[in-house]
2 protein chains.
Amino acid sequence: METRIERIKKHLHSSSYKLTPQREATVRVLLEHEEDHLSAEDVYLLVKEKSPEIGLATVYRTLELLTELKIVDKINFGDGVSRYDLRQEGAAHFHHHLVCIECGAVDEIQEDLLEDVEAVVEQRWNFKIKDHRLTFHGICYRCQDKDEE
Amino acid sequence: METRIERIKKHLHSSSYKLTPQREATVRVLLEHEEDHLSAEDVYLLVKEKSPEIGLATVYRTLELLTELKIVDKINFGDGVSRYDLRQEGAAHFHHHLVCIECGAVDEIQEDLLEDVEAVVEQRWNFKIKDHRLTFHGICYRCQDKDEE
DNA sequence: TTAATAAATTAAAATGATTGTTATTTAAAA
DNA sequence: TTTTAAATAACAATCATTTTAATTTATTAA
């Protein structure tokens, strides 16, 4: 945890940004909720618990900055809010998501799975892929079990 | 064109909705701009050209209805607006998108390409896939040509 | 160390997309 | 035709996000 913070700090410094207390508090919340897909408001409320003086706009600015530096990815599941997801260290590509249309749960797929598809797209459409977003909508294993009862 | 309108009309009727003049005007705009990825506001402005009395809220409600009936798909490319995309008739799955990070162009991929990936996901993650969203971000062929100049 | 400068933050206001409300209109059913 | 329900227009309200202006914090140069 501390080492990841250190690395993020260096990442910021290398682009001549500082890891201010507010930014550090925000990063810590993201690290502590790596499994979740928090909205800016979610992050704000969690940061506020430890640093009550922080403002929502600062959280937005921090998330924007982290997105720019590709430390987090901004993603949108179709409800009205953007969600922010820490990128795995060293991951070349953004991971995928499984959104359950029954319970709303969001699970992650860390495996790439798209190598072949991307090769086809680059070739057939002559498109230089820099990033991707892949989300499946369906029924998660938990709700399938529930349905059987 | 007329036959597609007819089919959409029947689709609405089968769920006991009517194809009102406002709804028809909206559907026509979508049909006439099938290649584009219009926001609600875009649709509104285009509908207004032919039917100036229409209200923005009606366009929103119509798009929402069409989305519910899976006649259009609502998609979000990360700018602040939802975009609406007619589903190909008879298409089981939503098509994919190529978003150019230089010029902003959005191209479509109608081919599925995901069959293998979906088989893996259904099996390995025990997830019943109902739909998907796949978007690639990168440099389109037009901008690649431009860069070479 | 101190004055000057730049970066970051707060708090509040502004913006822009989307949704809700109410009165009215239109269409369908009795 | 009368009644009822669905759909709409016009406007107000809401919600996420961004901007602004004043203030604070950190950094640099004297």
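Lettering of chains follows the sequences in order, A, B, ..., and the numbering in each one begins at 1. This is a predicted model, so every value here is computed, not measured.
Regarding A/Lys48, its NZ atom lies at a distance of 15 Å from the P atom of C/dT9, rounded to whole Å. Separating the OH atom of B/Tyr17 from the P atom of D/dA5 is a distance of 17 Å, rounded to the nearest angstrom. Between A/Leu63 atom CG and C/dA8 atom C1' the separation is 15 Å, expressed in whole Å. Here C/dT9 presents its C1' atom at 9 Å from CD1 of A/Ile54, a figure rounded to the nearest Å. Rounding to whole angstrom units, CG of residue B/Leu65 and C1' of D/dT8 are separated by 14 Å. The distance from atom CD of A/Glu24 to atom P of D/dA26 is 13 Å, rounded to the nearest whole Å. Put simply, NE2 on A/His13 is 12 Å from C1' on D/dT27, counting in whole angstrom units. Whole-Å rounding puts the A/Asp79 CG to D/dT14 C1' distance at 16 Å.
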Do nucleotides 14-30 of chain C as a string where each nucleotide becomes B, S or -: B if the base has a protein heavy atom under 4.0 Å, S if just the sugar-phosphate does, - if no protein is that close. ---SBBBB---------
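B/His95 and B/Asp85 form a side-chain donor-acceptor contact under 3.5 Å, judged by distance and modelled atom types alone.
Nucleic acid contact for A/Thr58: base, since at least one base atom lies under 4.0 Å from a heavy atom of the residue.
Heavy-atom neighbours of B/Tyr17 OH from other residues, nucleotides or ligands within 6.0 Å: at or below the threshold of 12. Residue A/Gln123 places its CD atom among 12 or fewer non-hydrogen atoms of other residues, nucleotides or ligands, all under 6.0 Å distant. Crowding of A/Glu89 atom CD: a count of heavy atoms from other residues, nucleotides or ligands under 6.0 Å exceeding 12. Surrounding NZ of B/Lys9 are at most 12 heavy atoms belonging to other residues, nucleotides or ligands under 6.0 Å away.
Between A/Thr20 and D/dT25 there is no side-chain polar atom (N or O) within less than 4.0 angstrom of OP1 or OP2. For B/Gln22, a side-chain nitrogen or oxygen approaches OP1 or OP2 of D/dA9 to under 4.0 Å.
Contact detail for A/Leu19 and A/His13: the closest heavy-atom pair is N-NE2, 4.3 Å.
Salt bridge present: A/Glu2 and A/Arg28 bring a charged side-chain N and a carboxylate O closer than 4.0 Å.
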